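Taking it in order: structure first as structure tokens, then the write-up.
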Amino acid sequence: MLTPMQIKELLDENRAHECDGFGRDHVCVRIAAIADLPTRFGFFNVVAFYNNRDRKEHAAFVRGDITGAQDVPVRLHSECLTGDAIGSLRCDCHDQLVAALQALGGKEKGILLYMRQEGRGIGLINKIRAYGLQDHGYDTVEANLALGFRDDEREYSVAAHMLYSLKVKSIQLMTNNPRKIADLTQYGIKVNGRIPLVIPPNQHNRFYLETKAIKSGHLIDLDGKEHLVEQDDRPILAGMSDEVASAIQNL
Ligand SMILES: [Zn+2]
Ligand SMILES: [Zn+2]
């Protein structure tokens, strides 16, 4: 965990922080508050960030002493209210979040960056609209198009700045998508490796296991119902066939 001295130092350094910003949008973030956060996955520090672009208050859930550390395991997670908090089965965000926190909880050091970009950046209202369209039998193409719209550039520039603010020297990215490494690297983050995110099977994510068809980035369950992809980094489910697992990594 971060010591009271380290917390004070981070807060002091960030109080007046201003820089040219990261990425096309010149995103600059500041650590605004830090607290202890005991969780069912282990002990974390929660770090709340202010940013100069929108009112989104991103958060880092930090395990161990990561300041100045090398090879820190890092997972990027995009907010999904319905999945993360409520356990919606329309997506697999909850399983992904829990798997990431469980994995981090077993490590000495690690960070979950929780990006406040509901529905892949389109916001809650638009996401629920897309769900509503599907409920009324509309083609999911329209819904998926809406959900597919997001600003990746901003996500990575914010994440890179957050890691910089936390004074992390290098990371191991928890991802099944090798391209993510290049995305973060272009914003100056040293990514020394990749840790695959593998989710243990349960009754709710079973649909992955038997998925035969993966097309245009979404998955179809046993009842032939499409699931919207809200996290753009697909997990691998333990027990999944190699064929499906490798298809996911190439999405
Ligand atoms: Zn800055
Ligand atoms: Zn979701």
Side-chain angles (χ1 to χ4, degrees), residues 10-32 47-54 56-58 60 75-101 112-135 140 143-144 146-150 153-168 184 187-189 197 199 202 204-205 207-208 217-221 225-235 237 248 251:
L10 281 171
L11 290 172
D12 286 346
E13 283 168 6
N14 275 265
R15 198 159 289 124
H17 171 84
E18 250 178 276
C19 70
D20 291 340
F22 285 47
R24 185 188 60 208
D25 290 331
H26 299 283
V27 174
C28 177
V29 304
R30 274 204 294 272
I31 294 175
V47 181
F49 288 80
Y50 160 86
N51 85 72
N52 65 344
R53 279 287 162 263
D54 47 43
K56 303 224 162 85
E57 298 172 325
H58 302 293
R75 174 72 181 175
L76 259 71
H77 186 90
S78 293
E79 175 178 31
C80 170
L81 178 69
T82 48
D84 296 345
I86 309 301
S88 160
L89 300 179
R90 296 189 78 128
C91 61
D92 63 337
C93 301
H94 186 86
D95 285 331
Q96 291 198 39
L97 180 62
V98 167
L101 288 168
L112 181 112
L113 294 180
Y114 192 86
M115 316 304 292
R116 305 290 298 280
Q117 41 199 13
E118 182 70 48
R120 304 190 65 174
I122 61 168
L124 181 67
I125 292 175
N126 284 326
K127 184 177 96 168
I128 303 307
R129 259 186 205 134
Y131 282 176
L133 285 176
Q134 286 189 303
D135 292 345
T140 51
N144 276 307
L147 271 181
F149 173 76
R150 76 194 301 232
E153 196 262 357
R154 182 167 297 183
E155 176 183 358
Y156 289 104
S157 48
V158 174
H161 196 319
M162 288 167 80
L163 292 169
Y164 168 81
S165 301
L166 290 165
K167 302 201 270 192
V168 171
L184 263 183
Y187 295 110
I189 296 301
L197 186 69
I199 293 189
N202 63 41
H204 299 305
N205 59 29
F207 78 89
Y208 274 127
H218 45 257
L219 299 158
I220 297 174
D221 72 12
K225 237 177 96 192
E226 286 187 60
H227 287 249
L228 293 172
V229 176
E230 292 176 40
Q231 304 291 330
D232 68 346
D233 190 351
R234 314 306 302 154
L237 191 60
I248 280 171
L251 283 177

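Worth saying up front: this structure is predicted, and the values here are computed from it rather than measured. Indexing begins at 1, ligand by ligand and atom by atom, following the structure's order. Hydrogens, waters and symmetry mates are skipped; everything else that's a heavy atom, side chains included, is used.
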The Zn ion (ligand 2) contact by C93, N, O or S atom under 2.8 Å: yes
Can you confirm whether more than 12 heavy atoms, excluding those of E57, are under 6.0 Å from its CD atom? no
Stepwise, does the side-chain contact (heavy atoms from CB on, under 4.5 Å) test hold for S165 with V29? CA-CA 8 Å; S165 301; V29 304; 3.8 Å; yes
Tell me the angle that NE2 of H161 and SG of C28 form around the Zn ion (ligand 1), rounded to 10°. 120°
So, 2.8 Å as the limit: is an N/O/S atom of E230 located closer than that to the Zn ion (ligand 2)? yes
Could you go through the side-chain contact (heavy atoms from CB on, under 4.5 Å) check for L163 and Y187 one step at a time? CA-CA 11 Å; L163 292 169; Y187 295 110; over 6 Å; no
Kindly indicate, with the supporting measurements, whether the criterion side-chain contact (heavy atoms from CB on, under 4.5 Å) is fulfilled by L133 and R129. CA-CA 6 Å; L133 285 176; R129 259 186 205 134; 5.7 Å; no
